[in-house]
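Since the structure comes first, as structure tokens, the remarks are kept for the end.
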Amino acid sequence: MSNELTKVSNELLHAIQLLKEKTWVDLTHTFGPGSPHFSAFDSAEFQTLFNHDDGFFAQSFKFAGQYGTHIDAPIHFVRNTRYLDELGLKELVLPLVVIDRSGEAALNNDFTLSVDDIYDFEEVHGKIEEESFVALRTDWSKRWSDIEAFENKDEAGQNHAPGWSVDALKFLIEERKIKAIGHETFDTDSSIDFQRNGKLLAEYYILEQDTYQVELLTNLDKVPAKGAVIFNIVPKPEKASGFPVRSFAILP
């Protein structure tokens with residue numbers, strides 16, 4: 001038994017060493033009171049409770065669960081579904097596929113990913129594998145330091161930001177059997193679709209599939225279309241609909 005345990009231990013140590021030899025990419029924004037956030041939420045509040053003159057440094061933090069780069073559990077939109085603490089550990093580590101439509105989003109801020117866009121991606125990179133985490137790269141994250149640019153409102157106060165179509169998500173879930181999605185914007189839906197429908201239909205659809213999504217990702221331009229793995233490391237608050245997450249990718 002001792003030899004078997006040693007072998008398993010050596011395999012795990014070898015795996016860790018192998019992973020550490022790879023390139024790791026942080027997909028998470030640093031956030032604070034001055035960061036972009038969903039308009040319905042108050043700005044974050046960070047308060048110092050004790051400083052080093054008191055013997056130790058401690059702070060309190062107040063912010064909505066959906067703040068900064070964050071993970072949404074199914075319960076965020078859909079009644080009687082799973083809370084954040086009910087997501088399994090192995091669900092949070094997945095093969096990562098990045099669909100790059102940053103050029104299209106730069107030309108058309110209302111860009112909405114279609115099924116044809118997915119077919120175009122697959123013509124170049126091959127079929128999207130089952131159980132993947134699919135991220136939509138639009139380079140919207142590069143606007144993070146400028147709240148006005150990130151919100152991108154017109155003269156009437158309407159936002160303009162890219163997103164997923166319901167049809168594209170249905171195709172990925174039903175035909176490609178993917179596991180979860182992520183994007184660089186506040187919402188799953190493009191702003192134009194939200195204004196047209198009056199609801200976040202794409203966000204409801206993906207969470208209705210008993211899975212999760214990660215919003216406000218960054219650095220997707222540093223990750224290949226295929227071959228990387230995403231880790232979504234998150235605290236475990238009780239009965240939470242979502243929480244800031246530390247997402248990162250390990251490159252092949």
Side-chain angles (χ1 to χ4, degrees), residues 25-29 31 37-38 40-41 63-99 113 118 128-138 140-141 161-190 193-194 199-220 223 228-250:
V25 176
D26 195 348
L27 303 179
T28 310
H29 287 292
F31 74 88
H37 58 277
F38 187 62
F41 301 146
F63 47 77
Q66 284 72 24
Y67 209 97
T69 304
H70 64 270
I71 186 170
D72 288 330
I75 196 70
H76 180 42
F77 264 52
V78 187
R79 297 176 189 269
N80 303 315
T81 53
R82 289 189 296 167
Y83 291 91
L84 182 61
D85 58 300
E86 296 176 296
L87 297 180
L89 292 175
K90 291 183 180 180
E91 293 181 73
L92 303 176
V93 181
L94 298 170
L96 176 58
V97 174
V98 178
I99 298 177
L113 188 82
I118 298 171
I128 294 172
E129 293 80 6
E130 293 184 8
E131 296 292 308
S132 293
F133 181 108
V134 180
L136 174 58
R137 175 189 163 191
T138 57
W140 209 255
S141 59
W164 307 81
S165 70
V166 174
D167 287 343
L169 291 178
K170 284 186 176 180
F171 177 82
L172 288 171
I173 290 288
E174 298 172 14
E175 301 296 328
R176 295 297 180 260
K177 312 297 183 185
I178 70 158
K179 181 60 182 173
I181 66 163
H183 39 271
E184 301 177 55
T185 50
F186 290 133
D187 297 314
T188 315
D189 305 66
S190 63
D193 271 3
F194 171 69
K199 297 179 180 179
L200 294 171
L201 298 181
E203 187 154 355
Y204 188 94
Y205 172 78
I206 196 66
L207 296 178
E208 190 181 27
Q209 308 313 304
D210 190 38
T211 190
Y212 67 90
Q213 65 173 7
V214 178
E215 298 191 299
L216 298 173
L217 288 166
T218 189
N219 290 330
L220 290 176
V223 180
V229 174
I230 188 170
F231 289 71
N232 299 301
I233 308 303
V234 64
K236 199 176 178 183
E238 184 178 0
K239 301 297 184 184
S241 65
F243 211 78
V245 66
R246 187 67 180 268
S247 295
F248 62 91
I250 301 180

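These numbers come from a predicted model, not from an experiment.
No option in Thr211, Val97, Ile128, Leu169 other than Ile128 meets the side chain to side chain contact (heavy atoms under 4.5 Å, CB included) test with Ile178.
Side-chain N or O atoms of Ser247 include none that pairs as donor or acceptor with a backbone N or O of Asn232 at under 3.5 Å. Side chain of Arg246 to backbone of Thr28: no donor-acceptor contact under 3.5 angstrom is found. For Glu184 (side chain) and Trp140 (main-chain N/O), a donor-acceptor pair under 3.5 Å exists by modelled atom type. Side chain of Asp85 to main chain of Lys239: a donor-acceptor pair is present (N/O by atom type, distance under 3.5 Å, no hydrogens or angles).
Here Phe194 contributes atom CZ and Phe186 contributes atom CZ; the two are 13.5 Å apart, rounded to the nearest 0.5 Å. Between Leu92 atom CG and Phe133 atom CZ the span is 10.0 Å, to the nearest 0.5 Å. Atom NZ of Lys179 is separated from atom NZ of Lys177 by 12.5 Å, given to the nearest 0.5 angstrom. The OG1 atom of Thr138 sits 10.5 Å away from the CG atom of Leu113 when rounded to the nearest 0.5 Å. Rounded to the nearest 0.5 Å, atoms OH (Tyr212) and CD (Glu91) are 7.0 Å apart. The distance from the CG atom of Leu96 to the CG atom of Leu217 is 8.5 Å, given to the nearest 0.5 Å.
Shortest non-hydrogen contact noted between Ser165 and Asp193 is CA-OD2, 4.3 Å. Closest heavy-atom contact between Pro74 and Thr81: C-OG1, 3.2 Å. Across all their heavy atoms, Leu84 and Ala73 have their closest contact at N-CB, 3.5 Å. Pairing each heavy atom of Ala249 with each of Val223, the nearest pair is CB-CG2, 4.2 Å. Heavy atoms only, all atoms of each residue included: Leu94 and Ala180 are closest at CD1-CB, 4.2 Å. Of all heavy-atom pairs spanning Pro237 and Ala240, the tightest one is CG-CB, 3.5 Å.
The closest side-chain heavy-atom distance from Leu172 to Trp164 is below 4.5 Å. Thr69 is listed as a side-chain neighbour of Val214, based on a closest heavy-atom distance under 4.5 Å. Using a 4.5 Å heavy-atom threshold, the side chains of Phe38 and Asp187 count as touching.
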Kindly indicate, with the supporting measurements, whether the criterion side chain to side chain contact (heavy atoms under 4.5 Å, CB included) is fulfilled by Arg176 and Phe171.
CA-CA 7 Å; Arg176 295 297 180 260; Phe171 177 82; 3.4 Å; yes

Mind running side chain to side chain contact (heavy atoms under 4.5 Å, CB included) on Leu220 and Leu27 for me, showing each step along the way?
CA-CA 7 Å; Leu220 290 176; Leu27 303 179; 4.3 Å; yes

Test log, rule side chain to side chain contact (heavy atoms under 4.5 Å, CB included), inputs Leu201 and Asp189
CA-CA 7 Å; Leu201 298 181; Asp189 305 66; 4.2 Å; yes

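Using bins of under 30°, 30° to 60° and over 60° for the plane-to-plane angle, the ring pair His37/Tyr67 lands in the parallel bin. Under the 30°/60° scheme for interplanar angles, the aromatic rings of Phe63 and Phe31 are found to stand perpendicular.
Scanning for side chain to side chain contact (heavy atoms under 4.5 Å, CB included) contacts around His76 gives Gln66, Asp72, Glu203, Leu207, Ser241, with sequence neighbours left out. With sequence neighbours excluded, the residues forming a side chain to side chain contact (heavy atoms under 4.5 Å, CB included) with Thr218 are His29, Ser141, listed by chain and number. For the ring pair (Phe, Tyr, Trp, His ring centres under 6.0 Å) test, no residue two or more places apart in sequence or in another chain qualifies with Tyr205.
The neighbour count for Lys170 NZ, taken as heavy atoms of other residues, nucleotides or ligands under 6.0 Å away, does not exceed 12. The environment of CD in Glu174 is crowded: more than 12 heavy-atom neighbours from other residues, nucleotides or ligands sit within 6.0 Å.
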